[in-house]
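Here is the structure we will look at.
Along the sequence shown, the residues carry numbers beginning at 1. Counting starts at 1 for both ligands and their atoms, following the listed order.
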Amino acid sequence: MRYYSCVETKKIFEDSDNYLMHTYNRFPLAIRKGRGMKVWSTDGKEYLDFVGGVAVNCLGHCHPKVVVAIQKQAQRLIHISNYFHIEAQTKLAKILVKNSFADKAFFCNSGAEANEAAIKLARRYFKQLIGQNRFEIITALNSFHGRTLATLSATGQEKFKVGFDPLVPGFKHVEFNNIEAIEKAVTKDTCAVMREPTQGESGVKIPDPDYLAEVRKLCDRHGILLILDEVQTGIGRTGKLFAYEHYGITPDIMTLAKGLGGGVPIGAMLSTDKVAAAFEPGTHGSTFGGNPLACSAAVTTLEVLLEDDFILDQCRRMGNYFKKKLEELQKEFPSIVAEVRVMGLLVGIELTRDGAPLVNACMERGFLINCTAGNILRFMPPLIITEKEIDLLIEILEQIFDGIS
Ligand SMILES: Cc1ncc(COP(=O)(O)O)c(C=O)c1O
């Protein structure tokens, strides 16, 4: 594969600036190729990728089995309407159902869309099946559920909402990891509590071990639904296929996206039969949702992920190793690292300062990392990462921290 000169690469940045809406602050870097943990920029520089497409590339870049699945499906059938049965979609639903609490799946194209579907299903469940006009959903402060109008309204962070008024009514935001706060917010209008098992976007915030079980009990006590947004925590990210498995509970509705397609856009909303019955033909849909190409990629991603539990085990072991190494780093640089938070390979370190310059410093040294919420360095590498690659990053962080301490 040919790489571009600096001049050609600059042209990509210029065209990007001229022709794309400025919804992202992009780094001066265009990625041309990826394999496993590595990516290469258009001008041929190599990087170790600890962002993983924001928790998407769970099997690494261009996993050979996913590539072949996409190629084969593309040769056979790329798209067909949901007016017809879609073999790969059915297969994917069966794998998800067999490996989760759920009885039924609905497919869409992103995390936000999956959450939209969950919000609609929860409201409709009460109106159509229970005969109660409950519509309100209690979400958490600092949560992130997406950028569509309803999921933005569900999101508990004001900074994303500026300029988009009026938002969708029917959402209350209460403190995360505080069961009393939910209890106080429940009214006769409440239909569901919606939670990320670990808050990702706001900085890898892990609740107390018994928090989700308490939320489950509260929902049962009030006869309301528990929606878990596993868009970021699902598909092995936390060391189990779904994060709820750590807590000995099951939700009524769960949403997925990110890792599900191994890099191909796909979202899913899963629920029990009892709740799913609220959706009848014509009540919800998506032209591309459950498209053969995306579903083939997702089927293969899950097949690889579930093979012998090998990758999930690797994720747990590497998560522990990463944690140990970062805690050592924290001991060495207590004035820079305030806290280390690790849930499988959803990894965050809270800094005592702005994280953006550190992201740039890592990039200059060939490492892609992410900064979220201003001062949290977040790492969401492919689940196939090895100790050697973690060691390389730690070495670089040590060098950088040394330079600024
Ligand atoms: C927990 C959670 N929910 C929803 C979303 C939105 O997903 P998408 O960007 O695919 O719409 C995200 C994205 O970061 C997320 O982390």
Would you call the rings of Tyr211 and Phe176 parallel, tilted or perpendicular, taking 30° and 60° as the class edges?
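The rings of Tyr211 and Phe176 stand perpendicular, inter-plane angle above 60°.
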Parallel, tilted or perpendicular for Phe322 and Phe50, by the 30°/60° rule?
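Aromatic pair Phe322/Phe50 classed perpendicular.
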Return yes or no for this condition: an N or O of [X] is under 3.5 Å from an N or O of ligand 1.
| X | result |
| --- | --- |
| Gly111 | yes |
| Glu201 | no |
| Gln232 | yes |

Which of the atoms of ligand 1 are close to [X], meaning less than 4.0 Å from one of its heavy atoms?
| X | value |
| --- | --- |
| Ala112 | 6 (C), 7 (O), 8 (P), 11 (O) |
| Asn115 | 3 (N), 4 (C) |
| Glu196 | 1 (C) |
| Lys258 | 13 (C), 14 (O), 16 (O) |
| Asp229 | 1 (C), 2 (C), 3 (N), 4 (C) |
| Val231 | 2 (C), 3 (N), 4 (C), 5 (C), 7 (O), 12 (C), 15 (C) |
| Ser110 | 10 (O), 11 (O) |

Hey, is [X] close enough to [Y] for a salt bridge, meaning N to O under 4.0 Å?
| X | Y | result |
| --- | --- | --- |
| Arg124 | Glu280 | yes |
| Glu87 | Arg76 | no |
| Asp252 | Arg216 | yes |
| Glu387 | Lys324 | no |

Identify the protein heavy atom lying closest to atom 2 (C) of ligand 1, giving its residue, its atom name and the separation to 0.1 Å.
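For this ligand atom, the closest protein heavy atom is Phe144 O, 3.3 Å.
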Measure from the ring center of Phe144 to the ring center of Phe160 and say whether it is less than 6.0 Å.
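When the ring centroids of Phe144 and Phe160 are compared, they turn out to be within the sub-6.0 Å range.
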Spatial distance of atom CD1 (Ile253) from atom CG (Leu270) [nearest 0.5 Å]
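Interatomic distance, Ile253 CD1 to Leu270 CG, rounded to 0.5 Å: 10.5 Å.
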Per-atom contact, atom 7 (O) of ligand 1, protein heavy atoms, under 4.0 angstrom:
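Flag for atom 7 (O) of ligand 1 set to true, protein heavy atom closer than 4.0 Å.
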